[in-house]
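Some notes on the structure that comes next.
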Amino acid sequence: MLGEVKSLPVHSNEEKEQNVIRRPRLFNKRTILDNLTNEEIKLRYRFGRAAILDLHSKLKPYLDPQTKRNHAISGIGKLLATLHFLASGSFQTTVSAVSGCSQPTFSKILNQVLAGITSLAPQLLHYNMSTNNLCRIKEDFYAMAHMPNVIGAIDCTHIALIPPSDKERLYYNRKGFHSVNVQVVCDAHTKILDVVAKYPGSSHDSFIFRNSHLHDRLCQGEAQEGWLLGDNGYQIKPWLITPLLNAETRAEQRFNKSHKTTRCIIERTFGILKSRFRCLDKTGGALFYRPEKVCLIIFCCCILHNFALVHNENIDGLEDLSQVEDIDQFHAEDTPEGVLVRQQIIDNFF
């Protein structure tokens, strides 16, 4: 005989809801700018309070929450989380913990903020080759070491990344690590005029330049009787002047000294850029993103670098990461036209 089965009491949905003890949703405490001193803000985000608020106002259309739900991350919260990541070079897990959001959430936030920063490029990172602007650039460079008609200093720097497994060799550079090789042109005040961030570390500086839009502009005569200063890894052109490999006369030695003194501003620019944004320096580790996103991060850091100059933001108190001049063992073949222009510079000015 089967045992008796007792029937269970039946409760309505309303009774069930009354009996359920709801656990309140927990939200991490998010950093509020007003809770930090000016020194803490500068140390954590590499920008002062006024600069951050100005940047936030420019990026509001990209950052403001699109939802009306409670506890949506504010636009300023998204910006601060991203600035902290760029400044520290920490992994997303560390940044998300500090900023008070989950790692997946921070990943979405990063994409939003990078898109907003990219939108500022036309205003902050544009190589204006108008006659008046080039004259100003030339005057500023001439004041450094009496090198005439300089419209920019050019060089490349390597930004470490974790390479795709199927393209690892492409990203392995001559310095012995995996990277993106980034071309930058700056003015006499470390303002970045042009940047190319899309080539793997094995790409040579001269190859990157030859395939850049800037090279096309210079070939079309936009330099207006001015020239860039580059090292001997570049092929000398009428609009790109390199130093002499063997300076023999006093005039040639004076030219080389002036060239080196003037061109070193590009190394200073790299140092400031990497000191402010440790995610770009090997001391901050290698960027763990696909190469396309690494290149976007680099581009955005260059835009923010120029934004910092607008606000007179210095890097006092930060470790100086200015690069020692890297002597490229590869020497591009000289062109007769470039050699002629260089000799005229030596004869007329040194």
(Q) I'd like to know if Phe349 and Leu340 are part of one continuous hydrophobic network [Ile/Leu/Val/Met/Phe/Trp/Tyr, side-chain heavy atoms within less than 4.5 Å]. (A)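 Cluster IDs for Leu340 and Phe349 differ.
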Q: Establish, for the pair Arg250 and Phe350, whether the NZ or CZ atom is under 6.0 angstrom from the six-membered ring centre and no further than 45 degrees off its axis.
A: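 Verdict for Phe350: no cation-pi partner in Arg250.
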Q. Is the cationic atom of Lys282 (NZ for Lys, CZ for Arg) positioned less than 6.0 Å from the six-membered ring centroid of Phe177 and within 45 degrees of its normal?
A.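 Because its charged atom sits under 6.0 Å from the ring centre and within 45° of the axis, Lys282 does stack over Phe177.
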Spacing of [atom1] belonging to [X] relative to [atom2] belonging to [Y], to within rounding of 0.5 Å:
| X | Y | atom1 | atom2 | answer |
| --- | --- | --- | --- | --- |
| Ser202 | His178 | OG | NE2 | 10.0 Å |
| Ile272 | Ile265 | CD1 | CD1 | 7.0 Å |
| Gln220 | Met129 | CD | CE | 10.5 Å |
| Ile159 | Phe277 | CD1 | CZ | 11.5 Å |

Q: Applying side-chain contact (heavy atoms from CB on, under 4.5 Å), run through Asn246 and Glu252 and close with a yes or a no.
A: CA-CA 9 Å; Asn246 298 298; Glu252 290 175 343; over 6 Å; no
**Q.** Sequence neighbours excluded - side-chain hydrogen bond (donor to acceptor under 3.5 Å, both in side chains) pairs with any residue from residues 112-123
**A.**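 Sorted pair list: Lys78-Gln112.
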Q. So, do Leu304 and Asn306 sit near enough that their side-chain heavy atoms are less than 4.5 Å apart?
A.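 In short, these two side chains do not touch, never coming nearer than 4.5 Å.
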Q.
What I'd like to find out is whether the side chain of Leu229 reaches to under 4.5 Å of the side chain of Ile154, using heavy atoms alone.
A.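 Heavy-atom side-chain distance check fails, nothing below 4.5 Å.
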Q. Taking Lys274 as the fixed residue, which of Thr157, Asp281, Thr269 is the one that meets the side-chain hydrogen bond (donor to acceptor under 3.5 Å, both in side chains) rule?
A.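 Of Thr157, Asp281, Thr269, side-chain hydrogen bond (donor to acceptor under 3.5 Å, both in side chains) with Lys274 is met by Thr157 alone.
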